[in-house]
Every structure is written in structure tokens, then in C-alpha cells.
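Here the structure comes first, spelled out in C-alpha cells, and everything after it is commentary.
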Amino acid sequence: MRKTIQKTISVSGVGLHTGAASVMTFRPAQDGIHFVRVDLPGSQPIPADVYHVGSTLRGTNLKNDTAEVCTVEHVLSALHALGITDVRVEMDGPEPPITDGSADIFAHSLQEAGLRELDAQQPLLVLKQPVTYSFGKITYSAEPADRLSITFVYEHKHPLVGRQEYTLDFTPENYLSQIARARTFGFEEEFAFLKAHGLAKGGSLENAVVVGKDKYLNALRYSNELVRHKILDLVGDFSLTGKRLPPLKITCHMGGHKHNVLFARLLLANAEEK
């Protein structure tokens, strides 16, 4: 069944890329997931779907003709993992609080708000045949299976990272215990580039894993925290299909926001109506 939350709840902090203070307020709703820029007079709600993705530079950004919200993938990931299909997400700035760099605080806040079933079913994304996508070394596949699982392979030339692979048997409980606490990450050598492009203004060792030249600059929560966070991002981006994922075996090699969204669109294009 479709689900919303029982009561209003807020999360505050600074945005990862803008560095701006932000308050995000979740309100019960019955018309899907929409982001609303309450700081912009006249702005209209932005639907959380693949058709409103404005850009995927260092995050998934949604927009309509009146407003834009940036870096919403962690919020969407928590919502989807908990099965929340209907909520109004009010923001007083362009970007959600980064909190600790994971989806953990969002998930626990939403659980604190309580979940309530609505009198309607969430549509199911039905695939009868495998769907594949590739772009250079980046590959995705989804095929019918007896359970929903996500396998991600992340590779990087940095010797501290190398090759990381993780498989999540997707349930709310497994997501909360294995994925939700995995933080966003970056490389020390990238900071100059990010700053030059007006990004990572709010980033710090308090909200991101930083890979230094010869060591991690902060303690890891998991030895493979980076690939776990990649799954966290993928769950958020795939939620933009607006449908519940059925039992599927999903695999991804070296994906990111841009290609997550492109594959989500491909899944919709190959899905049967149900």
C-alpha cells in the first residue's frame, strides 16, 4: 500500500555543496512525493520523478519552471527504503541538510514521525525480460528474480579504494542496518576542483569520508563504506521511477547519478503496465 507519515517533522543543518543553512520539513501528503521551496514566493511543488531531473552534477537535482532543489538523493533513498510514497518535503533553501553525510538521520526522523498506510496501492514496476545499459566501463542490468537484490561494484585507481563490491538483499531492515549509515565521500585531491566550481562549501570531516593521499582522513564506519554509499545513492535515484521495485536482480558497475537516472528511465520504458 502507499504510505505517508503520521506527523510533521523537521531536520536542519547545512547543505553539502551550497554550505547554506537549511531546514527541511516533512509533512503528510496523499499526492506523491513533492519538494517545495518555501523560501521562493510563487514556487510550485516539484514532483520527485525522472522527468524533473534538471542535472546530475555531484548529486541529483530536481527542477520545474519555478524552482530547483539540489542533492536530494539521500532524502529520496531514506523515503524509498521505508516505503514512503507520499510526502510533502518543504525546504527553505536550495539544498537539504547534509547531516552526517548518510541517510541515517533522515530515516530515523521519518520513523519517529510514524508511518501510515493510505487507501491505495503503489504501482509495481513489472519487468518480463532483462534490461541492460552500458556506457563505456559503466554497466547496469536488471532481471526478474526470486527476491530484490542490488549488487554494486565500485573501482578507483586510488590504492586505498581499489575494487569494492557489495550485495544488498533489499528489505527496509537490511537497508537500515547495512546501507543507511554509509556516508558520502570524496578525495582530498578533488577539493580544489570542487571549490573552483562552487561545490562542497558545506563539506567537512563531520559529514563526508575523505580519502587522503595515503590514508583516510577520518575513521570508516565500514571497510567498504564507499560502495555501500553508492548503493544508498542508487536507491534514491531509482525511487524516481515512482514505482515499487519487484523481485529483481540489479547489478551495477561504476555507476553514478547521471547513469542511475538514465537506467531508471530505461526501466520505466521497458516496464509493463500494472
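Atom set for the values below is all heavy atoms of this structure, side chains included, hydrogens, waters and symmetry mates excluded.
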Is there a continuous path of hydrophobic side-chain contacts, each under 4.5 Å between heavy atoms, that joins [X] to [Y]?
X      : Y      : value
Leu234 : Leu16  : no
Val72  : Val261 : yes
Val14  : Met24  : no
Leu199 : Phe187 : no
Ile250 : Val126 : no

Between [X] (side chain only) and [Y] (backbone N and O only), is there a donor and an acceptor less than 3.5 Å apart?
X      : Y      : answer
Asp49  : His52  : yes
Ser77  : Leu232 : yes
Asn260 : Gly255 : no
Arg2   : Glu117 : no

Point-to-point distance, once rounded to the nearest 0.5 Å, from [atom1] of [X] to [atom2] of [Y]:
X      : Y      : atom1 : atom2 : answer
Phe135 : Lys258 : CZ    : NZ    : 5.5 Å
Gln122 : Asp86  : CD    : CG    : 8.5 Å
Ile33  : Asp31  : CD1   : CG    : 10.5 Å
Leu124 : Glu272 : CG    : CD    : 11.0 Å
Leu160 : Asp214 : CG    : CG    : 7.5 Å
Tyr166 : Ser223 : OH    : OG    : 9.5 Å

[X] and [Y]: side chain donor to acceptor below 3.5 Å:
X      : Y      : result
Thr251 : Ser141 : yes
Thr151 : Thr167 : yes
Thr139 : His253 : no
Asp237 : His257 : yes

Hey, are the side chains of [X] and [Y] touching, using non-hydrogen atoms and a 4.5 Å cut-off?
X      : Y      : answer
Tyr175 : Ile231 : no
Thr66  : Leu40  : no
Val69  : Ile46  : yes
Tyr154 : Met254 : yes
Arg37  : Pro94  : yes
Val227 : Val153 : no

Heavy-atom neighbours of Glu206 CD exceed 12 at 6.0 Å: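 No, because the 6.0 Å sphere around CD of Glu206 holds 12 heavy atoms or fewer from other groups.
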Report, as yes or no, whether the 6.0 Å neighbourhood of atom CD on Gln121 holds more than 12 heavy atoms from other residues, nucleotides or ligands.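 Check fails, neighbour count at 12 or below.
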List the steps, then state whether side chain to side chain contact (heavy atoms under 4.5 Å, CB included) holds for Leu240 with Leu62. CA-CA 10 Å; Leu240 296 171; Leu62 305 176; 4.3 Å; yes
What are the two closest heavy atoms between [X] and [Y], and how far apart are they?
X      : Y      : value
Arg228 : Ala182 : CB-CB, 3.7 Å
Ser109 : Ile9   : O-CD1, 3.2 Å
Leu118 : Ala29  : CD1-O, 3.9 Å

Centroid-to-centroid, [X] to [Y], below 6.0 Å?
X      : Y      : answer
His74  : Phe106 : no
Phe238 : Phe170 : no
His259 : Tyr140 : no

Test salt bridge (charged side-chain N to carboxylate O under 4.0 Å, His left out) on Arg221 and Asp100 and set out the steps. CA-CA 12 Å; Arg221 292 176 175 175; Asp100 67 350; 3.0 Å; yes
Using the ring of each side chain (for Trp, its six-membered ring), is Phe185 parallel, tilted or perpendicular to His229, with breaks at 30° and 60°? perpendicular
Could you check Lys213 against Glu189 for salt bridge (charged side-chain N to carboxylate O under 4.0 Å, His left out), going step by step and ending with a plain yes or no? CA-CA 8 Å; Lys213 293 180 180 180; Glu189 63 190 28; over 6 Å; no
In sequence, state the C-alpha distance, the side-chain angles, and the governing distance for Glu95 and Lys201, and then conclude on salt bridge (charged side-chain N to carboxylate O under 4.0 Å, His left out). CA-CA 12 Å; Glu95 192 177 26; Lys201 293 179 180 178; over 6 Å; no
